[in-house]
J.: 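Below is a structure I'd like to ask you about.
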Amino acid sequence: MNYSVFVKIVVLLCCGATALVQAAEPLSRDEIETAINAAYAAYKDLQEGANADYIPALAKVNPALYGIALVTPDGAVYSAGDVKSEVSIQSISKVFTMALVMDEKGPASISGNMGVDATGQVFNSIVAVEQHQGAEMNPLVNAGAITATSMVSGGTREEIWSKILNYYNAFAGRALRVNEEVFASEAATNQRNQAIAKLMYAYGHIKGNPDQATDIYTEQCSVSVNARDLAIMAATLANGGRNPVTGVQAMKNENVPEVLAVMATAGLYDDSGKWLYLTGLPAKSGVGGGIIAVSPGRFGIAVISPPLDAAGNSVRAQKAIAAISNALNGNPYEVEPAM
Ligand code: GLN
């Protein structure tokens, strides 16, 4: 063996050893089940928060509904509680429409239009729109999300809608349906979102018909999901955009980091900073009571529990996800020193 071959082998061995030290230990079935069951039991009887009621149909959802699901990149699904009952996806849909627009038009179409910064304001803030005339926002608050929906290409409303729903279906691994009662209830009471869309149109961010964009956005928020669906959707993001249960590449692998970055910045509305500080996890909540969170390369997790805190985030879901992730070392910023 000549000297340069010897050096190459030594370098390869050293790199391999470092990679071994840095790669997180795979999670065992036992560890995951213990963490999920403990969190389920710990928060089952918690009586905090209240269902959203500004959309009348959401006030009627059973507040005791509580389900946890976690999916690993090998496609294993773990769960506790009620993972069959469905709620409306609400703002969690914003993640997937943002991903669709990035896949169609590139991430710069989002950052260059409504922006990718936290607003520090509530999710349906009009002050935030006014502050920078609809720029310096993000696609996970209503103004940016309705704008993202308006950017999905298609000749007719039907074509745009079926593209959005099929895109969500690839993440969930099954054909999702719209909860027509929730859709009708929100469509009858969403004057504020209609106003936000008109402002985004006035400032040039929405190019097409703002009323159609609001209508499709309202329909996407009414898609019905259970905790298992949401966990598979989260795990698809944790697995580079490939659904670990079906094996389908649901979105372009190269756009996953940008999607996760916006979730980390703005996924829990004006409480996103507190959440990231607590868990390190990109996440997204919806006023239907669901939260998804992503530990890249490790797991996707979802919890559904309708009672919300003042920022509009499910109380039990935040507590359960934080407890489970911390028990499983899910925080991607947690790294052992190499030496
Ligand atoms: N459809 C709801 C709205 O536009 C979604 C809000 C949410 O989940 N935060 O108000």
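Counting starts at 1 for both ligands and their atoms, in listed order. The first residue of the sequence shown is numbered 1, and numbering continues consecutively from there. None of these values were measured; they are calculated from a predicted model.
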J.: Side chain to side chain contact (heavy atoms under 4.5 Å, CB included) between E181 and K60: does it pass, once the steps are laid out?
T.: CA-CA 11 Å; E181 190 196 346; K60 298 198 299 192; 2.6 Å; yes
J.: Any non-hydrogen atom of G286 lying under 4.0 Å from ligand 1?
T.: yes
J.: To the nearest 0.5 Å, how far apart are CE in M200 and NZ in K207?
T.: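 With rounding to 0.5 Å, CE (M200) is 9.5 Å from NZ (K207).
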J.: Taking atom OH of Y40 as the centre, does the number of heavy atoms from other residues, nucleotides or ligands within less than 6.0 Å exceed 12?
T.: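 Yes, because the 6.0 Å sphere around OH of Y40 holds more than 12 heavy atoms from other groups.
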J.: Select one of side chain, backbone, both or neither to describe which atoms of V287 lie under 4.0 Å from any atom of ligand 1, heavy atoms only.
T.: both
J.: Under 3.5 Å between any N/O of N193 and any N/O of ligand 1: does that happen in this structure?
T.: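 Yes, there is a polar N/O contact under 3.5 Å.
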J.: Minimum heavy-atom separation for A250 and D103, please, with both atom names.
T.: O-OD2, 4.4 Å
J.: Within the 4.0 Å heavy-atom shell around C221, which atoms of ligand 1 are there?
T.: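 Close to C221: 1 (N).
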J.: What protein heavy atom sits nearest atom 10 (O) of ligand 1, and how far away is it?
T.: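 For this ligand atom, the closest protein heavy atom is Y54 OH, 2.6 Å.
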J.: How far is atom 8 (O) of ligand 1 from the closest protein heavy atom, and which atom is that?
T.: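 Protein heavy atom with the smallest distance to atom 8 (O) of ligand 1: S91 OG, 2.7 Å.
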J.: In this structure, are over 12 heavy atoms from other groups packed under 6.0 Å from R177 atom CZ?
T.: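 Atom CZ in R177 is not packed in, count stays at 12 or less.
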J.: Please verify whether a non-hydrogen atom of N124 lies at under 4.0 Å from ligand 1.
T.: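 No; N124 lies far enough from ligand 1 that no heavy-atom distance drops under 4.0 Å.
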J.: Is the backbone of D229 close enough, under 3.5 Å, to the side chain of N226 for a donor and an acceptor to pair up by distance?
T.: yes
J.: Under 4.0 Å from a heavy atom of Y269: give me the atoms of ligand 1 that qualify, with their elements.
T.: 7 (C), 8 (O), 9 (N)
J.: I need the nearest protein heavy-atom contact for atom 4 (O) of ligand 1: residue, atom name and distance, please.
T.: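 Among all protein heavy atoms, the one nearest atom 4 (O) of ligand 1 is Y217 OH, 2.6 Å.
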J.: For K252, does the NZ atom sit with more than 12 other heavy atoms under 6.0 Å from it, leaving out its own atoms?
T.: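 Buried by this count: over 12 neighbours within 6.0 Å.
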J.: Could you go through the side-chain hydrogen bond (donor to acceptor under 3.5 Å, both in side chains) check for S285 and N313 one step at a time?
T.: CA-CA 6 Å; S285 60; N313 299 313; 2.6 Å; yes
J.: Given R192, E186, Q220, which one has a non-hydrogen atom that is nearest to atom 3 (C) of ligand 1?
T.: E186
J.: Below 4.0 Å, non-hydrogen atoms only: which portion of I92 touches ligand 1? Side chain, backbone, both or neither.
T.: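 The answer is neither; I92 stays 4.0 Å or more away.
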J.: So, is N142 polar-close to ligand 1, with some N/O to N/O distance under 3.5 Å?
T.: yes
J.: Are a donor atom and an acceptor atom from the side chains of R242 and Q249 found within less than 3.5 Å of each other?
T.: yes
J.: To the nearest 0.1 Å, how far is atom 2 (C) of ligand 1 from its closest protein heavy atom, and which atom is that?
T.: Q90 OE1, 3.2 Å
